Amino acid sequence: MALSSLAASPARFQSDRIGLFKESVIREMTRLSFQFGAVNLAQGFPDFPAPTEVKAAAHKAIDDELNQYTVTWGAKPFREAICESYRRFYQIELDPDREVTVCCGATEGMIATLLALLNPGDEVVVFEPFYENYWPDSQLSGAVCRYVTLHAPDWTFDPNELHAAFNSRTRAIILNSPNNPTGKVFTQAELTLIGELAEEFDCLIITDEIYEHITFDGHTHVPPITLPGLRERCVLVNSLSKTFSVTGWRVGWVIAPPELSASIRKVHDFLTVGAAAPLQYAGITALQLPDSYFAQLASSYQAKRNHLMAILERAGFRCFKPYGAYYVMCDISAFGFANDLAMAKYMVEEVGIAAVPGSSFFSSPDAGANLIRFCFAKKPETLDAAGEKLLRLARI
Ligand code: GLN
């Protein structure tokens, strides 16, 4: 009976590859926030406007009829602007024709990279907690994740533990700095150690640098590609989304040595053909904004971090102070809920705040059961509204 009903169910057409996939918890929390009319501090996107000149450039690009496909790896002037921005911020020279591939967001950049460069059975080292896409991306590529814990409160790792995660099957380490969800900004010493391991085990360093310009309290982002000897083994994934508050535009890029870029371009071409043409042209204006824009971005996010942390601490959360990106991880042990899922559910349904349960960032749910992530890419009034609602939590 059970067998025949399974045989009749459309579920029989599902591929084995996605058998273990779950719905994205981050995006599910956004949906729940709409359903319950909650303040959305879950999914990481700003609720304030993108820069006026960047929006105007997008309007103009559409009016100027830049509405057809660009070359699959990205409009040349946009690739040149990307290279110019790396020259400006990190003093490195990149070849726009052979080392840059424009993608539909960093999300596509990461999956295109893994599909292009990993073989089934390869291993990928991932720091945990991690941004939820890296596991499904590895899974789709047939690769196995090896996790190395970042230890609270300051999210440091044990060099011996990191070393033990590498072996002859290791093909890559995925590094996200500034880090989502912890706010850790990896130091030059940590990156050097990672580089030494990549050399010892001859593997790639795949970096997600989407929060590169959002750092606080004097911390600065160092792209591993700029460190001595690492250029040939680094694949850098980035996007316009966070730096220019345009997460819905889906315009990102991958920087890799020419041979690797050639492979990534093939996957990208067959996956998506190309990123939105007019938005690539608007990206030129974005990347050419003056230094003051980038400084102001970081200082305004630092003020938002302080604002949200004050609110959360008043409500009884123990916050782990972030030094980059735009999230605060909090310990929820003091509230006495069964776990992070129970508290996130209660908060969205009863308190009116959506946040992301910590377990979504761990390979084993137990590891994140005492954590919850809040996003502070929000207008001050949104953060204040969240503060008002949190008073209800204080009364339970
Ligand atoms: N990076 C953002 C987050 O962690 C958005 C994720 C997404 O939905 N693509 O919330």
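These numbers were taken from a predicted model, which means no experiment stands behind them. This chain uses plain numbering: 1 for the first residue, then up along the sequence.
Between Tyr90 and His213, the two ring planes are parallel [angle under 30°; tilted spans 30° to 60°]. Below 30°, between 30° and 60°, or above 60°: for Tyr147 and Phe130 the angle between ring planes is below 30°, a parallel geometry. By the 30° and 60° cut-offs, the orientation of the rings of Phe337 relative to Tyr346 is tilted. Ring planes of Phe294 and Phe244: perpendicular class, angle over 60° (limits at 30 and 60°). In this structure, Phe317 and Phe335 have tilted ring planes: the angle between them lies in the 30° to 60° band. Note on ring orientation: taking the six-membered ring where Trp is involved, the planes of Tyr323 and His219 are parallel (angle under 30°, cut-offs 30° and 60°).
Inter-residue side-chain proximity for Asp217 and Lys321 is flagged as met; some heavy-atom pair is nearer than 4.5 Å. Side-chain contact between Leu204 and Ile173 is absent, with no heavy-atom pair separated by less than 4.5 Å. Considering only heavy atoms from C-beta on, Val251 comes within 4.5 Å of Phe78 through its side chain. Side-chain contact between Val237 and Thr207 is absent, with no heavy-atom pair separated by less than 4.5 Å. Considering only heavy atoms from C-beta on, Lys184 comes within 4.5 Å of Glu190 through its side chain. Side-chain contact between Trp253 and Leu240 is present, with at least one heavy-atom pair separated by less than 4.5 Å. For the pair Leu175 and Asp208, the minimum side-chain heavy-atom distance is 4.5 Å or more. Using a 4.5 Å heavy-atom threshold, the side chains of Lys378 and Lys304 count as separate.
Thr70 and Gln280 are linked by a side-chain donor-acceptor pair at a separation below 3.5 angstrom, with hydrogens and angles left out of the test. With no hydrogens or angles considered, no side-chain donor-acceptor pair links Ser364 and Asp366 at under 3.5 Å. Between the side chains of Glu53 and Thr285, no donor-acceptor pair is found at a separation under 3.5 Å. Side-chain contact, Asn238 with Tyr211: no donor N or O sits under 3.5 Å from an acceptor N or O. Between the side chains of Thr243 and Glu212, no donor-acceptor pair of N or O atoms lies under 3.5 Å.
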> What's the verdict on side-chain contact (heavy atoms from CB on, under 4.5 Å) for Cys103 and Val254, showing C-alpha distance, side-chain angles and the deciding distance?
Replying inline: CA-CA 7 Å; Cys103 294; Val254 180; 4.0 Å; yes

> Under the salt bridge (charged side-chain N to carboxylate O under 4.0 Å, His left out) criterion, do Asp384 and Lys379 qualify, and how do the steps go?
Replying inline: CA-CA 9 Å; Asp384 284 334; Lys379 295 186 267 208; over 6 Å; no

>> Set out, in order, the CA-CA distance, both residues' side-chain angles and the distance that settles salt bridge (charged side-chain N to carboxylate O under 4.0 Å, His left out) for Arg27 and Glu132, then state yes or no.
In response: CA-CA 11 Å; Arg27 294 184 276 285; Glu132 61 174 6; 3.8 Å; yes

>> Working note: Leu41 + Val39, criterion side-chain contact (heavy atoms from CB on, under 4.5 Å); need CA distance, chi angles, decisive distance, verdict.
In response: CA-CA 6 Å; Leu41 303 186; Val39 178; 4.0 Å; yes

>> Would Arg171 and Glu123 count as a salt bridge (charged side-chain N to carboxylate O under 4.0 Å, His left out) here? Give the steps.
In response: CA-CA 6 Å; Arg171 181 79 150 203; Glu123 291 189 7; over 6 Å; no

>> Could you walk me through whether Val148 and Glu128 satisfy the side-chain contact (heavy atoms from CB on, under 4.5 Å) test, starting with their C-alpha distance in whole Å, then the side-chain angles of each, then the deciding distance to 0.1 Å, before giving a yes or no?
In response: CA-CA 6 Å; Val148 175; Glu128 180 174 59; over 6 Å; no

>> One pair to check against side-chain contact (heavy atoms from CB on, under 4.5 Å): Ile206 and Leu236. What are the steps and the verdict?
In response: CA-CA 6 Å; Ile206 301 172; Leu236 189 168; over 6 Å; no

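Two rings, from Tyr134 and Tyr131, have their centers less than 6.0 Å apart. Not less than 6.0 angstrom separates the ring centroid of Phe374 from the ring centroid of Tyr327. Checked against the 6.0 Å centroid threshold, His163 and Phe201 count as a close aromatic pair.
Atoms CD and SG, from Glu99 and Cys83 in turn, are 7.5 Å apart once rounded to the nearest 0.5 Å. The CD atom of Glu388 sits 10.0 Å away from atom CG of Leu390, with the distance rounded to the nearest 0.5 Å. Taking CZ of Arg146 as the start and OG of Ser138 as the end, the distance is 13.0 Å to the nearest 0.5 Å. Going from atom CD1 of Ile111 over to atom CG of Asp137 covers 4.0 Å, rounded to the nearest 0.5 Å. From Asn179, atom CG reaches atom CG of Leu150 across 6.0 Å, with rounding to the nearest 0.5 Å. For the atom pair CG of Asn176 and CD of Glu209, the computed distance is 9.0 Å after rounding to the nearest 0.5 Å.
Here the options are Phe216, Phe48, Tyr301, the test is ring-ring contact (aromatic ring centres under 6.0 Å, His included), and the partner is Tyr326; only Tyr301 passes. Phe127 pairs in a ring-ring contact (aromatic ring centres under 6.0 Å, His included) with only one of the listed residues (Phe186, Phe362, Phe361), which is Phe186. Checking Met329, Arg373, Gln43 one by one against Val356, the side-chain contact (heavy atoms from CB on, under 4.5 Å) holds for a single residue, Arg373.
The neighbour count for Lys55 NZ, taken as heavy atoms of other residues, nucleotides or ligands under 6.0 Å away, is above 12. Residue-environment remark: CZ (Phe270) stays at or below the threshold of 12 foreign heavy atoms within 6.0 Å.
Comment: Arg98 does not engage Glu259 in a salt bridge, judged by the lack of any side-chain N to carboxylate O separation of less than 4.0 angstrom. By the 4.0 Å N-to-carboxylate-O rule, Glu349 lies close enough to Lys345 to be salt-bridged with it. A salt bridge does not link Asp95 with Arg79: none of the charged nitrogens is closer than 4.0 Å to a carboxylate oxygen. In this structure, Lys76 pairs ionically with Asp97, as a charged nitrogen and a carboxylate oxygen lie closer than 4.0 Å.
Tracing side-chain contacts under 4.5 Å through hydrophobic residues (I, L, V, M, F, W, Y), one never reaches Ile205 starting from Val185; they form parts of separate clusters. When hydrophobic clusters are built by joining Ile, Leu, Val, Met, Phe, Trp and Tyr residues whose side-chain heavy atoms come closer than 4.5 Å, directly or via intermediates, Leu341 is not grouped with Val351.
Shortest non-hydrogen contact noted between Asp340 and Ser359 is OD2-OG, 2.6 Å. The two residues Ser241 and Arg250 come nearest to each other via the heavy atoms OG-NH1, 3.8 Å.
For the pair Ser33 (side chain) and Thr30 (backbone), a donor-acceptor distance under 3.5 Å is present.
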